[in-house]
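Chain A is the first sequence line, chain B the second, and so forth, proteins listed ahead of strands; every chain is numbered from 1.
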2 protein chains.
Amino acid sequence: MTAMARKQIRGEALRERVLDIALELFSKQGYFNTSIHDIRRQAQVSIGAIYHHFESKEALARGLYLQLLDRIDAEIDAILMEQERCLARSRAVVSLLFELTEAEPQVMQFVLLAKHSEYLPDEPPICSSSPFVRMRQVLEEGIVAGEVRQMEPWVAATAMFGGAMRMMNLRLDGALQKPLPSYLDEVVECGWRAVLT
Amino acid sequence: MTAMARKQIRGEALRERVLDIALELFSKQGYFNTSIHDIRRQAQVSIGAIYHHFESKEALARGLYLQLLDRIDAEIDAILMEQERCLARSRAVVSLLFELTEAEPQVMQFVLLAKHSEYLPDEPPICSSSPFVRMRQVLEEGIVAGEVRQMEPWVAATAMFGGAMRMMNLRLDGALQKPLPSYLDEVVECGWRAVLT
DNA sequence: GTCTATAATCCGATAGAC
DNA sequence: GTCTATCGGATTATAGAC
């Protein structure tokens, strides 16, 4: 019990602590400006412990990236189960992204805005990841259902969600003073007008 | 004349050659994956020559960034002189961005899509740079003129240009098969519907 | 499983000749 | 102005004790 008494962290808890700190530093400083020693110092663990749980710095970043992407994907999945119509789905997705950006800016910074291809060379581009594919499908199904006018699906998807993503970008860069959800109605209305029949 | 006979490059020509190669490598591999030695090798110049023209690797990247930003700004300036109305201006800007992305993908990759804050920590975020400010002003003036409906200017600008910028992103990531200009009409129509009175 | 110490490598920048 | 050679430092990853 002395180990626990000294508040040392071990096993799975240590692994998750390292992931937490890595997310914080990667999103704040970027992958290349963050050394393994930075993570070691902030997480108060040893280099050896980190390399016991992760094969390499790149594998650590990849694990973090895929885990967070999965989480977002699960939340989008839940929305698609709940909502049937294109407008309601789109609104719920934008709302989710806006809320997440406010609640966990680091997650959005790291997952959606970072240039993963520079440090995860073998990962497919994020636009082909499941959350983005689902978002495009929302629009494609809207076209089939006649809720969205006949148009190139890529254009429909970027028209619906592109403005929202730029707003997230501006918020994370400090350009927007007010929290994103306060813009939700206007942003969704713009996106919907853009694709409406 | 022996130096020229050996096709050695000197002076201003060398400086520009270094900038060219730096753009190519930075945009293809990223800033941190590109070493000064990579640039030296590809440009066939010496380390000493590079450090004679540029104070540091960071200063080299900053010079490149500001130069390309200025160039885009000048082109947007020309559009604003030519066109008076909001729709025509917006269309011309999107057209310019699309053409530029096809003609010089590296420029757009490096200027618009890279995370400059990671290696140019003292530069202001790109959303506060002149081209982006002008693009927002186009929409603000459209609101004043009654061409665009009354709305939050940030939302209007992201609604008009956000979809186009996502399309550029998709094209640079290899997701879109057809060149961007073939989507111009649809993209501009979407943006305009989004903000139309 | 976790630790410390260190190996092996690479990078940005400088020195000094020409 | 341009070159070559090299320094000092930081980084990732490993070795081996506990």
So, [X] side chain and [Y] main chain: donor-acceptor pair closer than 3.5 Å or not?
X	Y	answer
R40(B)	I47(B)	no
R136(A)	C127(A)	yes
D70(A)	Q67(A)	no
R166(A)	V155(B)	no
D173(A)	L170(A)	no
N33(B)	Q29(B)	yes

Mind telling me whether H116(A) and Y65(A) have parallel, tilted or perpendicular rings, with 30° and 60° as the class edges? tilted
Contacts under 3.5 angstrom, residues 100-108 of chain B side chains, donor-acceptor by atom type, not counting sequence neighbours:
from    : atom 1 : to      : atom 2 : distance (Å)
T101(B) : OG1    : L97(B)  : O      : 2.6
E102(B) : OE1    : R171(B) : NH2    : 3.1
E102(B) : OE2    : R171(B) : NE     : 2.8
E102(B) : OE2    : L180(B) : N      : 2.8
E104(B) : OE2    : R71(B)  : NH2    : 2.4

Going by heavy atoms closer than 4.0 Å, what residues in [range] are next to DNA chain D?
range	value
residues 22-39 of chain B	none
residues 12-20 of chain A	none
residues 47-58 of chain B	I47(B), G48(B), A49(B), H52(B), H53(B)

Charged N-O contact under 4.0 Å between D20(B) and R17(B): no
Check step by step if side-chain contact (heavy atoms from CB on, under 4.5 Å) holds for L87(B) and E147(B). CA-CA 8 Å; L87(B) 173 57; E147(B) 301 174 271; 5.8 Å; no
Where at least one partner belongs to residues 184-197 of chain A, residue pairs that pass side chain to side chain donor-acceptor pair (under 3.5 Å), sequence neighbours excluded: R91(A)-D185(A), E189(A)-R193(A)
Would K57(A) count as a cation-pi partner of Y119(A), with NZ or CZ less than 6.0 Å from the six-membered ring centre and within 45° of the ring normal? no
Along DNA chain C, 5' to 3', what are the outermost nucleotides having an atom less than 4.0 Å from a heavy atom of chain B? dC11(C) to dT14(C)
